[in-house]
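In this chain, residues are counted from 1 in sequence order. Computed from heavy atoms alone, side chains included, the values below leave out hydrogens, waters and symmetry copies. Every value quoted in this text rests on a predicted model; they were computed, and no experiment measured them.
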Amino acid sequence: MFLLILGALALIIGFATNTPSLEFSRFSRPLKVVGIILILIGLATSSIRQIDAGTVGVQSLFGSVQDRVLESGLNWVNPLVEVTEFDVKTQNYTMSGVQDESGQQGDDAIRVLTADGLEVIIDLTVLYRVNPSETPRIYRSIGSDYSNKVVRPITRTRIRDNAVYYDAVALYSTKRDEFQNRIYKTIESDLTKRGLMLEQLLIRNINLPASVKTTIESKINAEQDAQKMQFVLQKERQEAERKRVEAQGIADYQKILATGLSDKQLVYEQIKAQRELAASPNAKIIVLGSRGNVPLILNDK
């Protein structure tokens, strides 16, 4: 565009000095030639626009947005059009309590009221991208600042609208995935209507009020104590069962001895024991008693 303007000025000056009575009339022809050359070069360079990878271009001629989208690479365009580039890669918008993480000054976390009237603070990241074919419509109706005009307000509103169906504790624990899927569907629908595509919704953190956290911790501790007591009781039951089985075994053994051993069996076992003692290499004196008595063993050790 600069070369076009410069060439036009050179051409105008060339025609203005094309008067024989003027002292600079001899420069008229060279100025015209230079002006024409500059205009041609300016037209050539202004007609070629380079669009970077991951972006598309939207053409605007005197305020009128054209529907033709310029793809990445070199494109031939009207040299008078203004080209606005749109990023069509995956983008993220984070609403967090961390300072300046989301590009907003201060705390940008989402504060919502749950079904039980408690305030819950949610940190969330939205992954989205621009639909390339919808960029002319986005440029006409929204502009290039669609993240602050569309993504942020829609996300915050839909989260507040859906959080009222859940209790704070359920939102924090058992219903978290259900809540995330629910808001994903509503936000996806709203963004699609405006030419944006929602890729993923990430609930990074849910902060409960301090009183609720204390209650949850107390409940968890009580449940852990109850589980510990159940383990102790189960262990005691197993120990009692073991002792009962052991006692029953001893009783059965004694019953078998009382009913199954005869005098002859006892004498036989006594003779076997005496033979084994006599065969032992250790020096000993064995004094045999009368029938039924246990022998007396004298050992030098």
Side-chain angles (χ1 to χ4, degrees), residues 54 86-131 134 138 141-231:
F86 279 77
D87 189 350
V88 294
K89 300 186 295 293
T90 298
Q91 304 177 55
N92 76 83
Y93 192 91
T94 298
M95 285 159 278
S96 168
V98 179
Q99 184 76 17
D100 296 334
E101 182 179 1
S102 57
Q104 300 289 329
Q105 295 295 327
D107 187 354
D108 195 39
I110 306 171
R111 286 170 169 78
V112 300
L113 288 178
T114 57
D116 48 0
L118 296 175
E119 184 183 63
V120 174
I121 302 175
I122 299 176
D123 290 352
L124 179 136
T125 295
V126 182
L127 298 179
Y128 69 98
R129 60 188 177 93
V130 176
N131 187 346
E134 294 289 337
I138 294 173
S141 58
I142 302 172
S144 57
D145 191 18
Y146 43 81
S147 60
N148 286 315
K149 292 181 179 179
V150 174
V151 178
R152 182 173 185 268
I154 285 179
T155 302
R156 298 176 77 89
T157 300
R158 292 309 180 190
I159 289 178
R160 291 191 177 103
D161 291 344
N162 288 279
V164 296
Y165 298 104
Y166 300 91
D167 293 337
V169 176
L171 197 63
Y172 180 79
S173 55
T174 58
K175 299 293 184 178
R176 181 166 179 161
D177 291 339
E178 178 184 322
F179 173 66
Q180 181 169 300
N181 293 333
R182 182 168 183 161
I183 60 177
Y184 177 90
K185 292 178 181 178
T186 55
I187 295 174
E188 180 186 32
S189 176
D190 289 338
L191 293 185
T192 301
K193 294 176 183 177
R194 291 164 175 82
L196 303 174
M197 293 183 289
L198 180 63
E199 292 187 350
Q200 199 168 4
L201 198 66
L202 306 174
I203 296 180
R204 299 168 46 184
N205 192 23
I206 297 179
N207 293 320
L208 300 177
S211 58
V212 178
K213 286 184 178 180
T214 303
T215 303
I216 293 176
E217 290 175 358
S218 300
K219 181 180 179 181
I220 292 175
N221 291 335
E223 290 176 350
Q224 290 177 347
D225 291 340
Q227 292 176 357
K228 181 179 179 181
M229 183 56 65
Q230 289 179 358
F231 174 76

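Judged by distance alone, with hydrogens and angles left aside, the side-chain atoms of Arg156 form a donor-acceptor pair with the main-chain N or O of Ala109 at under 3.5 Å. A donor-acceptor distance shorter than 3.5 angstrom exists from the side chain of Thr186 to the backbone of Ile183, with no hydrogens or angles considered. Listed for the Arg160 side chain is no donor-acceptor partner under 3.5 Å among the backbone atoms of Ile110. No donor-acceptor pair under 3.5 Å is formed between the side chain of Glu134 and the backbone N or O of Arg194. With hydrogens and angles disregarded, a donor-acceptor distance shorter than 3.5 Å links the side chain of Asp87 to the backbone of Lys89.
Using a 4.5 Å heavy-atom cutoff, the side chains of Asn162 and Val112 are not in contact. Residues Tyr93 and Leu124 are not in side-chain contact: their nearest non-hydrogen atoms beyond the backbone lie 4.5 Å or more apart. At least one side-chain heavy atom of Leu191 sits under 4.5 Å from a side-chain heavy atom of Val150. Inter-residue side-chain proximity for Arg176 and Ile206 is flagged as met; some heavy-atom pair is nearer than 4.5 Å. Looking at Val164 and Thr114, their side chains never come closer than 4.5 Å, going by heavy atoms from C-beta outward. Counting only heavy atoms from C-beta outward, the side chains of Asn92 and Val126 never approach each other to under 4.5 Å. When side chains are defined from C-beta on, Ile138 counts as touching Leu196, because their heavy atoms get closer than 4.5 Å.
Between Tyr184 and Leu198, the closest heavy-atom pair is OH-O, 3.4 Å. Nearest approach of Ile187 to Ile154, heavy atoms of both residues: CG2-CG2, 4.4 Å.
Here the OG1 atom belonging to Thr155 is positioned 4.5 Å from the CE atom belonging to Met95, to the nearest 0.5 angstrom. The CD atom of Glu119 sits 10.5 Å away from atom CG of Asn207, with the distance rounded to the nearest 0.5 Å. In this structure, the separation between OG1 on Thr174 and CG on Asp167 is 9.0 Å, given to the nearest 0.5 Å. In this structure, the separation between CG on Leu171 and CD on Gln180 is 11.0 Å, given to the nearest 0.5 Å.
Residue pairs meeting the salt bridge (Lys or Arg N to Asp or Glu O under 4.0 Å) criterion with at least one partner in residues 181-192, sequence neighbours excluded, are Arg158-Asp190.
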**Request:** Before giving the answer on side-chain contact (heavy atoms from CB on, under 4.5 Å), spell out for Ile159 and Ile203 the whole-Å C-alpha distance, their side-chain angles and the decisive distance to 0.1 Å.
**Result:** CA-CA 11 Å; Ile159 289 178; Ile203 296 180; over 6 Å; no
Could you walk me through whether Ile121 and Arg111 pass side-chain contact (heavy atoms from CB on, under 4.5 Å), step by step? CA-CA 5 Å; Ile121 302 175; Arg111 286 170 169 78; 3.8 Å; yes
With side-chain contact (heavy atoms from CB on, under 4.5 Å) as the test, would you mind laying out the steps for Tyr165 and Lys175 before giving the verdict? CA-CA 10 Å; Tyr165 298 104; Lys175 299 293 184 178; over 6 Å; no
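Residues Tyr146 and Gln91 bring a donor and an acceptor atom of their side chains to less than 3.5 Å of each other. Under 3.5 Å, the side chains of Gln200 and Tyr128 contain no donor-acceptor pair of N or O atoms.
Residue-environment remark: NZ (Lys193) stays at or below the threshold of 12 foreign heavy atoms within 6.0 Å.
Listed by chain and residue number, Ser147, Asn148, Lys149 satisfy the side-chain contact (heavy atoms from CB on, under 4.5 Å) test with Asp145 (two or more places apart in sequence, or in another chain).
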